[in-house]
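What follows is one structure encoded as structure tokens, with my remarks underneath.
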Amino acid sequence: MKVPFLDLSLQHQGIRTEALAALTATYDATRFCLGKDVEDFERNFATMLGYPRALGMNSGTAPLHVACMVAGFGAGDEVITTPFTFISSAWGISYTGATPVFADIEPGTYNLDPAKLEAAITPRTKGVIVVHLFGQPARMDEIMAVAKKHGLFVIEDCAQAVGARYRGTPVGLMGDVGTFSFYPTKNLGGAGEGGMFVSANEELHTRARHIRVHGSDRRYYHDVIGGNFRMDGFQAAVLNVKLPHLAAWTARRQAIAARYRAEITLPGVTLPAVVDYGASVLHQFTLTHPQRDALRAHLAKCEVGTDLIYPVPLHLQKCYTSLGYPAGSFPVAEAIAANCLSLPIFPELTNAQIDHVIASLNAFSAA
Ligand SMILES: *Cc1c(COP(=O)(O)O)cnc(C)c1O
């Protein structure tokens, strides 16, 4: 039985009629950049997920970039983030001329370790980008306590955590700014590129809204340096169709993860941690095993697709060699990167496919 790591076609077939009708309406009204579909989506997203307001943008990288702009990061500033994330978590820091500084993660949640965060702070530290990786909220109480103590601007990268809550509070609302991605593979994915900026702070929201359209509040008058971070109408149209399904899709991801937890018995496997402060929305189900590559090859033989998310931590990426971190700088992140394996967890997996993933995994015999 074939089990792809991810198959986006099933979900899109399921909503095809509705999505094409919405796209047609947007096309016929020529609502291509921002406009009613985007405003509707911003309002629906905010209402459904518990945000006071939201700004649609044209990728998940865009709100991270805008967040670093509204934070006022610049040359000479240091901004701390996790080395175990998608590269985009750090791009905004670099775009503003500030220096990315990394702090190691916890083994269980794969998220920033609050003690390591505090140890990385210097007089130049201006902010922190917290990533809720794989849909699992990071330890926000401890992180916010460190941030408050040192006066740091906090950006929450919620690209993988749409719908997640930390002790009841939606992710993205505890820090100064929260950011989301609607890249097609995310838990809530568009038919193209998209992202969202949220902030409980109305002034930051207003500044971000101006930066989104070339630093402008009135056409052709530019009060601050901005850019083009606008969401397009087609993406909002599709996302408006998908949003009402998000809760059920998340529940299905969580049910699949519960089966993996209950039924994976292979010795040597370490499952992702379960914490008491906030359930994961399971963007990925990522375990570790000391013979990861052999296990992955075995699963491939069983036609079970897997992925390595992420094989190389940020401090060892070529683009960041100038930061000067040698191998061994972040032992936890490096060990996880060397041993991690992500299993299929998209909502449309059938029960028979889940059976096959579990049976194949448990049948692995280490060489
Ligand atoms: C996907 C992702 C982003 C960037 O989103 P894009 O829409 O691809 O620009 C940023 N951070 C994390 C953690 C992501 O997973």
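Note that this is a predicted model, so its numbers are computed, not measured. Order of appearance sets the numbers: ligands from 1, and atoms from 1 within every ligand. The chain is numbered in sequence order, starting from 1.
- If you look at Leu64 next to ligand 1, the close heavy atoms, those under 4.0 Å, all belong to the side chain.
- At a threshold of 4.5 Å between side-chain heavy atoms, the hydrophobic network of Ile, Leu, Val, Met, Phe, Trp and Tyr places Phe84 and Ile309 in one connected group.
- Look at His283 and you'll find every heavy atom at least 4.0 Å from all atoms of ligand 1.
- A distance of 6.0 Å or more separates the ring centres of Tyr95 and Phe73.
- Expressed to the nearest 0.5 Å, how far SG of Cys158 lies from CE of Met196 amounts to 12.0 Å.
- Under a 4.0 Å heavy-atom criterion, Ser89 is in contact with ligand 1.
- Atom CZ of Arg261 sits in a crowded spot, with more than 12 heavy atoms from other residues, nucleotides or ligands closer than 6.0 Å.
- For the 3.5 Å distance criterion, the side chains of His150 and Glu118 qualify, holding a donor opposite an acceptor.
- Using a 4.0 Å cut-off to heavy atoms of Thr61, the atoms of ligand 1 that qualify are 4 (C), 5 (O), 6 (P), 9 (O).
- Nearest non-hydrogen protein atom to atom 1 (C) of ligand 1 is Lys186 NZ, 1.5 Å.
- For the pair Val130/Ile155, no side-chain contact is recorded, criterion being any heavy-atom separation below 4.5 Å from C-beta on.
- Between Val269 and Thr288 the shortest side-chain heavy-atom distance does not fall below 4.5 Å.
- The single protein non-hydrogen atom nearest to atom 15 (O) of ligand 1 is Gln160 NE2, 2.8 Å, given as residue, atom name and distance.
- With a 4.0 Å heavy-atom cut-off, ligand 1 is reached by the side chain of Asp157 but not by its N, CA, C or O.
- Closest to atom 4 (C) of ligand 1 among all protein heavy atoms lies Ser88 OG, 3.5 Å.
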- Message: Show, in sequence, the C-alpha distance, side-chain angles and deciding distance for Val79 and Thr99, and conclude whether the side-chain contact (heavy atoms from CB on, under 4.5 Å) test is met.
- Response: CA-CA 6 Å; Val79 181; Thr99 304; over 6 Å; no
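- Annotation for ligand 1: atoms under 4.0 Å from non-hydrogen atoms of Gly60 are 4 (C), 5 (O), 6 (P), 7 (O), 9 (O).
- Interface of Ser59 with ligand 1, defined as ligand atoms under 4.0 Å from a residue heavy atom, comprises 7 (O), 9 (O).
- Of all atoms in ligand 1, listed by their number and element, those nearer than 4.0 Å to a heavy atom of Thr85 are 13 (C).
- Close contacts of ligand 1 with Ser181, meaning ligand atoms under 4.0 Å from a residue heavy atom, involve 1 (C), 5 (O), 6 (P), 7 (O).
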